[in-house]
Amino acid sequence: MKHFISIHDITHEEFNQLLSLAAKLKREQKSGVTHHILKGKTLAMIFTKSSTRTRVSFETGIYQLGGQALFLSANDIQLGRGETIYDTAKVMSRFVDGIMIRTFAHQDVLDLAEYGSIPIINGLTDLLHPCQALADLMTVKEHKGRLRGLKLAYIGDGNNVAHSLLYACAKAGMDISVASPKGYECDSEIVKNAKEDAKELGSKIIMTNDPVEAITDADVVYTDTWASMGQESEKEERVKAFRGYQIDMELFGKSKPDSIFMHCLPAYRGFEMTAEVIDGEHSVVFDEAENRLHAQKAVMAMLMVGDSKNG
Ligand code: CP
Ligand code: NVA
């Protein structure tokens, strides 16, 4: 594993290793054991979109591992004034030991990886959000004791979070049903790749426009905002298009009696789910948010330990 850009690119063994390492790091952190395995290492964090969880969890995570982070907003670096990804990748590779990037175009992340010589971590693009899906399945495993054979229902926009959940469930041997309104379905190439990946452990992927079909008998119920970063101007039309896709107590009641509710956050109560659902007893959203820290520490440990910087 050289980069963490898409869960599709890693094997199911690597995915499991990340989950185990994340769980170990979490246990150790809770019992006061520290590992300064990234002592002297620097992670550059490039953000061209807002963030609470990703920024704070990466920054805290590398600090806990003995390294340091540089927060670089697009306004502060020359990338925001038109310097190329090519030059940015070459220059950063001379200074730092890894780059975490959150941006719009997925291709920019692929280009950073191609032109740079250090590990690249995808902190969210318009296409994928792999760190989120890793933390999500870590959370499912904590609550359910296993992943294989469980059913996750994603109700809502066929966006970056849905795409990474498709890949993660396929690698973990979990069934996934995605219900989105017409015109807001997942990218067909991603669905095709995930179906191919799912053959290895034999899990099922169902894509539908019917939220009831998707949620019935689900062990995990998941949703995300109807308007992602960059889609703010479409909010009104999206609210209309997603009518019927809100997870309220009635819809949630069709999942298994012991199902858990998940959301990557930030959440908008009264839109993609009611307050009763996200603030109710089945919700694990804050465990899920916490696990971003542990999951990403595992990613950094896997990618950045050793002589990762070679100019
Ligand atoms: N879930 C998530 O990535 O949150 P932030 O946008 O706050 O980083
Ligand atoms: N789909 C959302 C996720 C935010 C963490 C977005 O891209 O804005």
Side-chain angles (χ1 to χ4, degrees), residues 4-7 22 43-62 69 71-74 99-109 121-140 152 154-168 178-181 183-187 190 220 222-235 238-239 241-242 245-247 261-269 271-273 278 283-300:
F4 190 66
I5 295 177
S6 167
I7 293 171
L43 178 75
M45 309 193 300
I46 302 176
F47 283 91
T48 70
K49 287 176 172 172
S50 310
S51 171
T52 298
R53 280 143 288 269
T54 305
R55 178 181 175 180
V56 178
S57 55
F58 267 107
E59 197 161 335
T60 309
I62 192 157
F71 173 72
L72 306 169
S73 90
I99 300 176
M100 191 286 301
I101 177 164
R102 163 168 289 197
T103 195
F104 294 87
H106 191 71
Q107 190 58 46
D108 286 351
V109 181
I121 301 171
N122 177 359
L124 179 149
T125 62
D126 287 346
L127 193 69
L128 296 172
H129 196 1
C131 293
Q132 183 66 53
L134 181 67
D136 292 341
L137 292 210
M138 175 184 180
T139 312
V140 173
L152 184 147
Y154 177 96
I155 315 290
D157 191 20
N159 61 15
N160 43 12
V161 169
H163 291 158
S164 284
L165 284 170
L166 279 166
Y167 282 157
V178 178
S180 311
Y184 296 93
E185 292 103 337
C186 289
D187 180 276
I190 303 261
V220 181
Y222 201 117
T223 190
D224 184 16
T225 181
W226 291 338
S228 284
M229 289 180 276
Q231 297 170 338
E232 289 78 5
S233 64
E234 299 170 27
K235 190 167 176 203
R238 284 174 167 267
V239 168
F242 283 82
Y245 288 79
Q246 182 186 68
I247 304 180
F261 174 78
M262 300 183 74
H263 191 307
C264 58
L265 307 179
Y268 301 92
R269 289 166 176 78
F271 292 92
E272 67 269 18
M273 81 273 113
I278 192 169
S283 175
V284 299
V285 297
F286 298 119
D287 292 340
E288 184 184 359
E290 177 187 332
N291 283 338
R292 293 291 304 278
L293 170 72
H294 310 296
Q296 291 158 192
K297 280 168 78 177
V299 171
M300 289 187 284

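One-based numbering along the sequence shown. Source: prediction; values computed, not measured. Just follow the structure's listing: the first ligand is 1, and inside any ligand the first atom is 1.
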(request) Without swapping roles, check the side chain of E288 against the backbone of H263 for a donor-acceptor pair under 3.5 Å. (result) yes
(message) Checking the side chain of R102 only, and the main-chain atoms of L124 only, is there a donor and an acceptor separated by less than 3.5 Å?
(response) no
(request) Look up atom OG in S180 and atom OH in Y154, then write down how far apart they are to the nearest 0.5 Å. (result) 7.0 Å
Which pairs of nitrogen or oxygen atoms, taken one from ligand 2 and one from the protein, are under 3.5 angstrom apart?
from, atom 1, to, atom 2, distance (Å)
ligand 2, 1 (N), N159, ND2, 3.3
ligand 2, 1 (N), N160, OD1, 2.9
ligand 2, 1 (N), D224, OD2, 2.6
ligand 2, 1 (N), S228, OG, 2.7
ligand 2, 7 (O), N160, ND2, 2.8
ligand 2, 7 (O), S228, OG, 3.4
ligand 2, 8 (O), M229, N, 2.8

(message) We want to know whether D108 and T103 form a side-chain donor-acceptor pair, criterion being a heavy-atom distance below 3.5 angstrom.
(response) no
Tell me which donor-acceptor pairs under 3.5 Å the side chains of residues 126-134 have, and how far apart each pair is, sequence neighbours excluded?
from, atom 1, to, atom 2, distance (Å)
D126, OD1, K49, NZ, 2.6
Q132, OE1, R292, NH1, 2.9
Q132, NE2, D136, OD1, 2.8

(request) Tell me the residues surrounding ligand 1, counting only those with a heavy atom closer than 4.0 angstrom, sorted by chain and number. (result) S51, T52, R53, T54, R102, H129, Q132, C264, L265, R292
(request) Indicate whether any N or O donor in one side chain lies under 3.5 Å from an N or O acceptor in the other, for S57 and Q296. (result) yes
(request) Name all residues meeting the side-chain hydrogen bond (donor to acceptor under 3.5 Å, both in side chains) criterion together with S6; count only those two or more places apart in sequence or in a different chain, and write none if there are none. (result) none
(message) If I take atom CZ from residue R269 and atom CD from residue Q246, how far apart are they, to the nearest 0.5 angstrom?
(response) 12.5 Å
(message) Run F261 and I278 through side chain to side chain contact (heavy atoms under 4.5 Å, CB included) and show every step you take.
(response) CA-CA 7 Å; F261 174 78; I278 192 169; 3.8 Å; yes
